[in-house]
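Start at 1 with the first residue, then count along the sequence.
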Amino acid sequence: RWVLSLQCRGSRNFMSAFRQAVEVDFKERDKHKSQGLYLLTTGIPDQETHTVSAYVAEACRGFDLHLHVCLFSVKEDADSSGIVPARYANPTETALAFKEIVQAANGRFHWFGEAGIFESDDITVIVSEIEKANNYSQKCAFLVESLKQRS
């Protein structure tokens, strides 16, 4: 199924963009049946985190709809437009806010910057699977060695 992308159109009015995406999905549910919404952003929403989290949780409740966030941390002087956002937070505070919002929406969080990947739910899952496979492999090797010694 297709995924809707949220567009705040130059602002960080998350609630307006999310509401627009969700309401389109509700009106023409048979046509849009979206499973996920992706927000690509460089900063914290204009609205308070607890307000956004509560609204997102309510909107996603009972549907197979998830909000995923890709946060791109850029240098402070990267915004040459001179527009001051309605709400400011440093990159760590922004990441924590979006992690809370994503958790409310049963989605995934990804945080990237110029230096690479800071955090990614998908990569965390992959690393966990690799560690689990490595653990099973070590247990199997130990079992095989134990059986060899008994024979």
Chemist: Can you get from Val69 to Phe118 by hopping between Ile, Leu, Val, Met, Phe, Trp and Tyr side chains that sit under 4.5 Å apart?
Modeler: yes
Chemist: Hydrophobic side-chain clustering at under 4.5 Å (ILVMFWY, transitive links): who's grouped with Leu147? Put none if nobody.
Modeler: Leu143
Chemist: If you measure from CG on Leu67 to CZ on Phe109, what distance do you get to the nearest 0.5 Å?
Modeler: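 Result: 11.0 Å between the selected atoms.
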Chemist: Does Thr41 have any side-chain hydrogen bond (donor to acceptor under 3.5 Å, both in side chains) partners at least two apart in sequence or in another chain, and if so, which?
Modeler: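 Thr41: no side-chain hydrogen bond (donor to acceptor under 3.5 Å, both in side chains) contacts found.
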Chemist: How close do Asn90 and Thr92 get, counting heavy atoms only, and between which atoms?
Modeler: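 Nearest pair, atom of Asn90 first, then Thr92: OD1-N, 3.0 Å.
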Chemist: Distance from His68 atom NE2 to Asp121 atom CG, nearest 0.5 Å?
Modeler: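 Going from the NE2 atom of His68 to the CG atom of Asp121 covers 10.0 Å.
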Chemist: Going by side-chain heavy atoms closer than 4.5 Å, which hydrophobic residues are tied to Ile130, directly or by a chain of links?
Modeler: Ile126
Chemist: For residues 94-111, which residue pairs qualify under side-chain hydrogen bond (donor to acceptor under 3.5 Å, both in side chains), counting only residues two or more places apart or in two chains?
Modeler: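 Only Tyr38-Arg108, Ser53-Glu100, Ser73-Trp111, Lys99-Glu119, Arg108-Asp122, His110-Ser120 qualify under side-chain hydrogen bond (donor to acceptor under 3.5 Å, both in side chains).
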Chemist: Apply side-chain contact (heavy atoms from CB on, under 4.5 Å) to the pair Thr42 and Leu71, showing each step before the final yes or no.
Modeler: CA-CA 6 Å; Thr42 59; Leu71 172 63; 5.6 Å; no
Chemist: Could you tell me whether the side chain of Gln138 and the main chain of Asn135 form a donor-acceptor pair under 3.5 Å?
Modeler: no
Chemist: In this structure, would Val102 and Val125 fall into the same cluster of hydrophobic residues linked by side-chain contacts under 4.5 Å?
Modeler: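 Looking at the clustering, Val125 is in a separate group from Val102.
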Chemist: Could you pull out all residues at least two apart from Tyr55 that satisfy ring-ring contact (aromatic ring centres under 6.0 Å, His included)?
Modeler: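 In terms of ring-ring contact (aromatic ring centres under 6.0 Å, His included), with neighbours along the sequence ignored, Tyr55 is linked to Phe18.
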Chemist: Within the structure provided, determine whether Phe14 and Asp46 are in side-chain contact (heavy-atom separation under 4.5 Å).
Modeler: no
Chemist: To which residues is Leu96 joined in a hydrophobic cluster, defined by side-chain heavy-atom contacts under 4.5 Å among Ile, Leu, Val, Met, Phe, Trp and Tyr, whether direct or through other members?
Modeler: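 Hydrophobic cluster check, Leu96: no partners found.
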Chemist: Should Leu65 and Leu37 count as side-chain neighbours, where that means a heavy-atom distance under 4.5 Å?
Modeler: yes
Chemist: Could you tell me which non-hydrogen atom of Arg12 sits nearest to which non-hydrogen atom of Ile44, and how far apart they are?
Modeler: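 It is CD-O, 3.0 Å.
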Chemist: Evaluate the side-chain proximity of Phe142 to Cys140: yes if any heavy-atom separation is below 4.5 Å, no if none is.
Modeler: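 Not in contact.
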Chemist: Can you see which heavy atom on Ile101 is nearest to which on Pro45, and at what distance?
Modeler: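 Nearest pair, atom of Ile101 first, then Pro45: CD1-CG, 4.2 Å.
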